[in-house]
Every structure is written in C-alpha cells, then in structure tokens.
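Below: the structure, in structure tokens.
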Amino acid sequence: MRCRTAGPAALLLTLTACTTGPSLENRGEVTASPGDSKHLTIGSAGFTESDLLAQMYAQLLGQAGYQTSLITVANREIYEPALESGQIDVVPEYAATFADWLNAKTNGPDAPPVGSPDLAATMTALRRLATPRGLTVLDPGRAVDQNAFAVTAAYARQHHLRTLSDLGASKLKVRLAAGDECVQRPYCEPGLKGVYGIDITGVDPKGVGTTQAKRAVQNGQDQMVLTTTTDATLDQFGLVLLADDKHLQNADYVVPVVNRSRAGSERVTKALGKLNDVLTTADLATMNQEVDSWRRLASDVARTYLKDKGLVK
C-alpha cells in the first residue's frame, strides 16, 4: 500500500501510520521497477545542511521538468519508512551513517557496523541494504560531512600541526571537547589514541561542535574539539581542522536516496547527478555559514549556488 497525502501537514500526521514498504518475505530482491512520477516530494532532516541539499535537489528536479514539494521530518525513524512507502520520494543522506542505520534496522542494534572509511565498501553495503526496501542510492559526489577535529590556529602554529598524525607525534597532552559518547566511540577517543597515538587526558562533555565546546578550546580550557568537516563557524573561534590523514572517520559522503518506484528513473538520476561534479565539502561549509551566520534563506542560498554553477537558469 502507498499512502499519499494532500500536503506537508497531513503527511506529518500520517507518516507513522502508513509506512508499508516491500513485504518481509520479499526482502532481498528488487520489488518495483524504476518509476518516474511527475510530482516528487523531497524530504529534509531539519538541520541547515539537509535543508540546503533538499532545496538544491528540488530546484534541480524542477529544472528537469518535475513538480516538487519539500517537507521537513527531523527524525530518521519516521522519514526513512516514509521514503520506503513513497510518501517521501527523495532525501539527502550520508553514506556511512545511513548504511549503519539500515544495518541496525535490518540486523538488530548489535549488528557489526558496515560503514567504514572505505567509500566503495560503504556504498556496496548501503546499496545491499537499501535495495530490498525499494530504495535506490545514487552515486556520491565530492562533498563529505564527517566528524573532524579542530585546534586553535595559534596552537597549530606553535606546535607545527597540520594533521592528527602531527599531534600524535608531538606527544602533547590533549583534553578533548566532545560529546560524552566520545569515550567509547571508535572514531573518537579510542581511535585518536589507537590510530594516531594522541595522548587524550580526558573528554570534556560539551557536545559535538557546540559553541560551548569551541569556546572551551578558544580559551585554552581544552586543546581540541570534535566538530564536522562542514562546520562554517571555525574562523569565528580562531580554530582550524587537523587533517584525518590516516582516515579514521567513516565515509559520510552526501548521497541522494530515492524511492525506486516513484523516483528511480534515469531522468531523476541525471538531474541530481549534476551536483556531483561541482559540490564540495568547502561549498557546503560556505552555504551553511550563509544560512546560519548571515541569516539568508536556504532556498535563496541554494538557488544562487546552482545559478553560479550554471545548473539552473
């Protein structure tokens, strides 16, 4: 059964009530041929970057002749089943995170992670999990939103740091501002110690990339902060990223995910694929800044970018 609704408000009310995808006995096979609906609903997860990507997807699809509407559903537990059922047709996702999420949904919360720093392996695992659910994962481009670590520019200059390997080799003692889960997550404290040999003396639980966490590094209370590669506010705090030169972080490249039966056509793939050759991690960071710091509308920022790149008129 596929439920469609009159608009975003009605959709939000019915997402949890109508989430039927391929039947359980048909998991493991493609259950629908590629579709090409004239009207496509693009979902956003409700944070700035997701809003920007959804706006770009909508405008590119509009340029290709589709009617589009956008809806924000911040909870992946809600929007992913809606994507399976065809209530949402397209969403921007992140390869490794979405692979691990689908893996846990399919194989249980204790299933070993399938996302990894290897993009090809991650995409293979993601598509293997997505296809039986009636989802098609399009090709990733160049843009990646990974966890990243930043120090002050002054600290980096003083100790000649450009990479996380440099920090490990320096033998400096480092207090890390991050989320409290950092103590156990393999990409965080254990990875920094095991992969890079960084002497983490403690984790200051101020959150991932929060203003409080950045200020703690800025004022010297902590030496390093966990943030993301598309963080647009680092300059405001005098912070710079240290390169993950040994590839500790998973391959969280931006990927469009579509409902195969409604948006699996070559025309959709071609329209969204136009971003792959142009959109970079730095571009995303700049656009995030324009929305978050300059208070521009995500739709305007997206349109300006696409026009500048010659992708829309």
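The structure displayed is predicted, hence computed values, not measured ones.
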Discussion item. Can a side-chain donor-acceptor contact be found between N107 and N103 if the only test is distance below 3.5 angstrom?
Written reply: yes

Item to complete: Find the distance between OH (Y57) and OG (S44) and round it off to the nearest 0.5 Å.
Response: 11.0 Å

Worksheet item: Between CD1 of I71 and CD of Q87, what distance do you get to the nearest 0.5 Å?
Response: 8.5 Å

Worksheet item: If you group Ile, Leu, Val, Met, Phe, Trp and Tyr by side-chain heavy-atom gaps below 4.5 Å, do V73 and L135 land in one group?
Response: yes

Discussion item. Are V225 and Q218 packed together at the side-chain level, in the sense that at least one heavy-atom pair is separated by less than 4.5 angstrom?
Written reply: no

Practice prompt. Check whether the side chains of T210 and Q212 place a donor and an acceptor atom closer than 3.5 Å, and report yes or no.
Written response: no

Worksheet item: Is the shortest heavy-atom distance from the side chain of V90 to the side chain of L272 under 4.5 Å?
Response: yes

Worksheet item: Is there a side-chain contact between N147 and L226, using heavy atoms and a 4.5 Å cut-off?
Response: yes

Worksheet item: Atom CG in L102, atom CD in E93: separation rounded to 0.5 Å?
Response: 8.0 Å

Discussion item. So does A285 get a backbone contact from the side chain of E49, meaning a donor-acceptor N/O pair under 3.5 Å?
Written reply: no

Fill in: Closest approach of L234 to A150 (non-hydrogen atoms, all atoms of both residues)
CD2-CB, 4.2 Å

Discussion item. Would you compute the distance between atom OG1 of T163 and atom CG of L241 and round it to the nearest 0.5 angstrom?
Written reply: 12.5 Å

Fill in: Test item: T280 side-chain N/O and D283 main-chain N/O as donor-acceptor pair under 3.5 Å
yes

Worksheet item: Same hydrophobic cluster for V301 and L61, using side-chain heavy-atom links shorter than 4.5 Å among ILVMFWY?
Response: yes

Practice prompt. Quick one: list whatever passes ring-ring contact (aromatic ring centres under 6.0 Å, His included) with H247, sequence neighbours left out.
Written response: none

Discussion item. Just by distance, no angles: are the side chains of R157 and T152 close enough, under 3.5 Å, to form a donor-acceptor pair?
Written reply: no

Discussion item. For E84 and R260: C-alpha separation, side-chain torsions, deciding distance, then whether salt bridge (Lys or Arg N to Asp or Glu O under 4.0 Å) applies.
Written reply: CA-CA 9 Å; E84 289 189 32; R260 177 181 171 86; over 6 Å; no

Practice prompt. May I ask you to establish whether R267 and Y66 are in a cation-pi arrangement, using a distance under 6.0 Å from NZ or CZ to the six-membered ring centre and at most 45° from the ring axis?
Written response: yes

Worksheet item: Is there a donor-acceptor contact under 3.5 Å linking the side chains of T233 and K214?
Response: yes

Worksheet item: Using a distance-only test with no angle check, is there a side-chain donor-acceptor pair under 3.5 angstrom linking N250 and Y187?
Response: no

Discussion item. Ignoring hydrogens and geometry beyond distance, is a side-chain donor-acceptor pair present between D139 and Y253 at under 3.5 Å?
Written reply: no

Worksheet item: Taking 4.0 angstrom as the limit, do K105 and E77 come out as a salt bridge?
Response: no

Worksheet item: Between D204 and K206, is there a donor-acceptor pair closer than 3.5 Å when you use the side chain of the first and the backbone of the second?
Response: no

Response to the item:
Hits for salt bridge (Lys or Arg N to Asp or Glu O under 4.0 Å) against K193, two or more places apart or cross-chain, chain-then-number order -> E189

Practice prompt. Would you confirm whether D308, through its side chain, and Y305, through its main-chain N or O, come within 3.5 Å as a donor-acceptor pair?
Written response: no

Worksheet item: Any sub-3.5 Å donor-acceptor pair from D100's side-chain atoms to V114's backbone N or O?
Response: yes

Fill in: Sidechain-backbone polar pair: D222 side chain, A216 backbone, donor-acceptor under 3.5 Å
no

Discussion item. Checking the side chain of D244 only, and the main-chain atoms of L248 only, is there a donor and an acceptor separated by less than 3.5 Å?
Written reply: yes

Discussion item. Between D199 and L172 (side chain of the first, backbone of the second, donor and acceptor by atom type, cut-off under 3.5 Å), is there such a pair?
Written reply: no

Item to complete: Report yes or no: do D118 and S116 form a side-chain donor-acceptor pair below 3.5 Å?
Response: no

Discussion item. For a quick check under 3.5 Å, do D245 and S165 share a side-chain donor-acceptor pair by atom type?
Written reply: yes

Worksheet item: Quick check: are there more than 12 heavy atoms from other residues, nucleotides or ligands sitting under 6.0 Å from CZ of R215?
Response: no

Worksheet item: Within the distance-only criterion (no hydrogens, no angle test), does the side chain of N288 pair as donor or acceptor with the backbone N or O of L284 below 3.5 angstrom?
Response: yes

Discussion item. Pair Q236, S293 - check side chain to side chain donor-acceptor pair (under 3.5 Å), show working.
Written reply: CA-CA 10 Å; Q236 298 174 25; S293 299; 3.2 Å; yes

Practice prompt. Using distance alone, with no hydrogens and no angle criterion, decide if D252 and Q146 have a side-chain donor and acceptor under 3.5 Å apart.
Written response: no

Discussion item. Any heavy-atom pair between the side chains of M287 and R296 that's under 4.5 Å?
Written reply: no

Fill in: Heavy-atom side-chain contact between V217 and M224 under 4.5 Å
no

Worksheet item: Can you tell if the side chain of F149 reaches within under 4.5 Å of the side chain of L164, non-hydrogen atoms only?
Response: yes

Practice prompt. Report the C-alpha separation of R76 and T97 in whole Å, then their side-chain angles, then the decisive distance to 0.1 Å, and conclude whether the side chain to side chain donor-acceptor pair (under 3.5 Å) test is met.
Written response: CA-CA 11 Å; R76 188 180 275 116; T97 294; 5.7 Å; no

Worksheet item: How far apart are the C-alpha atoms of T230 and D145, what are their side-chain angles, what is the distance that settles it, and do they pass the side chain to side chain donor-acceptor pair (under 3.5 Å) test?
Response: CA-CA 6 Å; T230 59; D145 188 348; 3.2 Å; yes

Discussion item. Quick check for you: to the nearest 0.5 Å, what is the distance between Q55 atom CD and S50 atom OG?
Written reply: 10.5 Å

Item to complete: Please examine the side chains of V240 and R162, heavy atoms only from C-beta on, and report whether any two atoms are closer than 4.5 Å.
Response: no

Worksheet item: Less than 4.5 Å apart, any side-chain heavy atom of V151 and any of L239?
Response: no

Practice prompt. Please check if any side-chain donor atom of T41 sits under 3.5 Å from a side-chain acceptor atom of R262, or the reverse.
Written response: no

Response to the item:
Taken to the nearest 0.5 Å, the spacing of T106 OG1 from R128 CZ works out to 10.0 Å

